[in-house]
Amino acid sequence: MKIKTNILMIKLLIVVGFSTTILAHAQQYNKKNYETEGTINTNLKSQNKTLRLWYNEPTPDNDKGWVNRSIPMGNGYMGVNVFGGTATERIQITENSLYESDGDRGLRRRGLNNFSEVYIDFNHNNVSGYHQELNLNKGISSVEYEQDGVKYSREYFTSYPDKVMVIRLNASKKGKLSFTLRPTIPFLGEGKSGSVSAKSDIITLSGVMNYYKIKFEGQFKVIPQGGTMKATKSGTIKVSDANSAVVLIAVGTNYQLDPQVFLTNNPAKKLEGFPNPHDKVTKYMIEASTKSYEELLASHQADYKELYDRVNLNLGAVEPMIPTNELVDAYPTGDSSRYLEELAFQYGRYMLICSSRKGTLPPHLQGIWNVYERPPWSSQYLHDTNLQMAYAPVFSTNLSELFESYVDYFKAFEPRQRLYATQYVKQYNSEQLDVNGDNGWSGPFWSNPYSVPGKSPVAGFGTGSWISLLFWDYYDYTRNDSLLADKVYPVLYNQANFVSRFVKNVDGVLLSNPSSSPEQKLRNTIGTTFDQQMFYENHHNTLKAAEILNRSDARLATYKKQLPLLDPIQIGKSGQIKEFRQENYFNDIGDPNHRHSSMLLGLYPGQLINDKTPAWLDAAKFSLIKRSHKTNVGWARAERIAMWARVHDGEEAYSYYKELLGENYMHNLFNDHRGDPLFQADANYGATAGVAEMLLQSQDYTIAPLTALPTTWSEGSYQGLLARGNFEVSAQWSNNHADVLEILSKSGGVLELKYPNVSKAIIKTKLGKTVVFDVVDSDCINVKTIKGDSYVITNIPKVIPVKAPTDLKIKNNTKATQILLSWNGITDAASYNVYRAVGNTSDYELIASKVVGTDFVCENSNLEKINQMMFKVTAVNNNGRESEKGAVGIWLLP
Ligand code: FUC
């Protein structure tokens with residue numbers, strides 16, 4: 001993928017006086033705090049702005065309230081939605097393995113079930129000063145109000161290290177806290193049986209989900225301070241006249257992430273032999289209850305903040321005075337918008353921390369939150385966009401270890417996918433079959449904790465390589481070679497094994513057959529761009545991984561031979577990246593405004609289309625324009641934020657973020673899929689990933705901070721975003737220009753850094769040592785970094801961007817060998833450069849420079865042999881700087 005540049009590398013040694021710079025702690029952006037030479041005042045303290053959701057009314061006690069207003073929390077073991085009621089509190093609990101049959105889609109379509117509805121009756125019906133809040137900095141939610149002269153407050157958190165939910169109930173006056181704790185099992189009936197009982201200070205809820213014979217148990221322990229406590233026969237605990245109380249909740253099932261679950265067909269036997277959850281849940285409870293509330297809080301905080309605090313984003317927002325519901329409602333008209341933009345970015349990270357922890361199931365379509373008996377799409381893992389989007393921010397926003405939940409899930413289902421792979425190679429390309437069954441693994445479409453049903457014509461086989469891409473990124477962002485060897489390479493290699501046997505030679509290229517492009521109506525066709533791009537990326541990454549690990553496995557030579565034949569990009573007659581091989585013009589096949597942009601996955605999240613493939617980048621941009629704003633689907637908008645960021649258009653990227661926040665985000669910031677209201681967590685995760693992509697990119701080994709910054713975010717800072725190569729990047733900017741960049745090299749290696757005029761910057765280590773770097777060109781440098789060192793880049797001279805010419809007109813001359821080009825010029829252009837890219841080539845060839853007029857005749861002796869060509873004209877100003885963008889158009893053979 002890396003295209004060699006012939007640019008001379010000039011060694012530069014910049015020697016200037018030193019001063020200590022600290023950006024990592026420059027959390028609160030303040031222009032006056034740094035001096036003009038680019039050094040930062042060291043007394044800036046790390047202080048994350050408080051980001052919170054808050055309301056001055058409890059959540060309405062109904063399904064709409066759940067989806068639109070309840071406060072989500074989670075620790076991987078359970079998701080909870082807190083309503084914050086005063087007469088009765090309602091806490092709804094989700095456990096991701098509590099599953100009913102999907103009935104092979106359509107038949108029953110039940111899926112994930114609601115684990116428990118927990119009620120706490122207070123009978124406070126006459127309250128004032130109500131406040132409900134979720135504090136993202138702390139991972140704690142709270143409720144406060146006053147009744148009869150007593151101030152009542154509650155705190156809630158879900159602890160990953162202690163595996164429990166903790167609730168503390170307080171009253172401002174002694175002896176004034178009375179309540180009844182009342183957990184219930186929703187949707188009891190044919191498929192679900194169970195009961196609730198209480199004894200001394202514990203309520204136990206247990207039962208069975210019939211279809212998969214899932215045994216479930218929840219324990220609720222009450223620890224009052226003062227007063228009396230009484231367990232009742234109906235499974236409740238009544239506390240009277242206490243000063244305060246702590247409630248602990250632990251849940252579990254007999255589910256285990258084990259290949260047996262996916263390899264066993266009989267639903268009733270999938271969990272056979274796995275222990276009853278009673279001992280496990282009891283252990284969680286006993287261990288948690290040996291700790292004080294303060295100790296539980298401290299271990300939760302240490303765990304949560306270690307993840308959450310890695311990244312800070314400051315767009316200059318001031319905390320608004322209005323509650324979050326009003327903030328969301330006001331957003332389309334622009335009020336307090338920066339705060340919501342910062343909040344939503346961190347909210348996606350918060351949701352991932354809640355829903356994706358090692359040792360627990362990965363996040364599904366609704367993350368780890370489900371109130372229903374029949375959730376939308378059964379709360380499955382859908383691998384044609386939604387699952388991948390859940391993990392989209394995991395690496396770039398510095399939460400890499402949260403991907404472990406998927407690593408374990410994959411390990412459990414992969415043996416089943418290996419059987420499918422053998423079946424499909426036999427069915428579609430039998431001469432490539434390994435009779436011993438070594439045919440790799442094939443990609444699933446939908447799956448759940450109990451089954452992976454293999455391929456589906458809805459999605460195409462590219463889903464497998466798309467899963468692999470997540471594994472490659474796991475390595476690429478963390479650069480841990482033992483992780484590459486143990487967890488990543490085998491996944492890639494075995495996916496490539498399947499692909500290498502499955503693809504068929506069609507006119508000299510290797511194509512997927514049958515092939516689909518996710519959710520498009522044309523199905524079972526040949527060589528969709530979705531499949532080809534994903535296959536290409538995986539072959540490429542497998543070979544790269546093998547090179548790093550110095551492997552010589554049997555099929556590597558085959559992959560190497562196949563890679564150039566995988567033909568991932570076809571440019572269409574509209575200048576677009578084709579989605580289907582048989583497509584000519586953009587809207588030939590399928591819905592032009594489709595929510596999926598599967599032909600652009602090589603642009604994002606893949607790396608195939610990048611700055612070193614500028615003709616493909618322009619074609620991708622064309623497809624993005626054509627895909628248009630005519631989708632109201634949350635995740636599609638989120639995906640387009642990132643895609644537009646990858647073509648370096650911050651304005652368009654931002655416009656999709658705005659649409660998403662304005663039209664899809666509900667009062668609790670849950671994403672509404674498309675106005676049903678129907679909650680899908682994907683766009684919450686995806687929006688965070690998209691914003692990260694606007695702030696920092698690192699595809700194809702080039703680190704490019706602030707490459708898609710919209711003008712409206714003219715000032716700001718961020719700390720701790722992660723780039724490929726394991727570089728932790730921080731930036732501070734004003735007037736849309738970087739004042740300071742700071743890059744921590746966590747694995748050593750060469751840092752290729754791209755930013756306008758970066759070659760003229762001052763670079764020092766954190767300790768003030770001047771850094772030697774290689775200049776690739778004025779906007780790109782290479783720094784040989786030392787592991788553990790931070791590099792501070794200041795004094796980057798501001799570049800006034802050169803405007804691009806517009807409206808390129810392309811005509812055939814009467815003379816058959818000539819093409820006439822003309823364009824709208826720009827005032828400060830000294831001259832123009834003219835480029836062309838023939839056919840599907842990725843790079844432009846410069847065909848004329850120093851063109852002074854606004855037209856050009858392109859002479860070609862063998863035009864009849866060329867079907868189509870992209871032309872691009874850029875402007876060059878008096879200083880020799882070229883416009884980043886250009887006027888682009890396509891010529892077609894008449
Ligand atoms: C895919 C998407 C839909 C929806 C569904 C759950 O089918 O195309 O928009 O997100 O998954």
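Just follow the structure's listing: the first ligand is 1, and inside any ligand the first atom is 1. This chain uses plain numbering: 1 for the first residue, then up along the sequence.
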TODO: Just jot down the side-chain hydrogen bond (donor to acceptor under 3.5 Å, both in side chains) partners of His383, sequence neighbours excluded, or say none.
DONE: Tyr406

TODO: Classify the angle between the aromatic ring planes of Phe115 and Phe216 as parallel (below 30°), tilted (30 to 60°) or perpendicular (above 60°).
DONE: perpendicular

TODO: Hey, can you tell me if Tyr212 and Tyr99 have their rings parallel, tilted or perpendicular (30° and 60° cut-offs)?
DONE: tilted

Among all protein non-hydrogen atoms, which one is nearest to [atom], and what is the separation to 0.1 Å?
atom                    : value
atom 6 (C) of ligand 1  : Trp377 CD2, 3.3 Å
atom 11 (O) of ligand 1 : Asn386 OD1, 3.2 Å
atom 3 (C) of ligand 1  : Arg595 NE, 3.5 Å

Task: Partner set under salt bridge (Lys or Arg N to Asp or Glu O under 4.0 Å) for Lys487, not counting sequence neighbours - done: Glu404

Open item on the list: Against ligand 1, does Thr385 come closer than 4.0 Å with any heavy atom?
Closed with: no

Open item on the list: In this structure, does ligand 1 have an atom that sits under 4.0 Å from one of the heavy atoms of Gln380?
Closed with: no

- [ ] Answer yes or no: does an N/O atom from Glu519 fall short of 3.5 Å to an N/O atom of ligand 1?
- [x] yes

Open item on the list: I want to know if ligand 1 touches Asp384 in the polar sense, i.e. an N/O pair below 3.5 angstrom.
Closed with: no

Open item on the list: Side chains of Gln495 and His539 only: does a donor on one sit below 3.5 Å from an acceptor on the other?
Closed with: no

Open item on the list: Using a 6.0 Å cut-off, check whether atom NZ of Lys455 has over 12 heavy atoms from anything other than its own residue.
Closed with: yes

Task: Residues Glu579 and Arg627 bridged, charged N to O under 4.0 Å - done: yes

Task: For Leu365, atoms of ligand 1 separated by under 4.0 Å from a heavy atom - done: 6 (C)

- [ ] Give the atoms of ligand 1, by number and element, whose distance to some non-hydrogen atom of His596 is under 4.0 Å.
- [x] 2 (C), 8 (O)

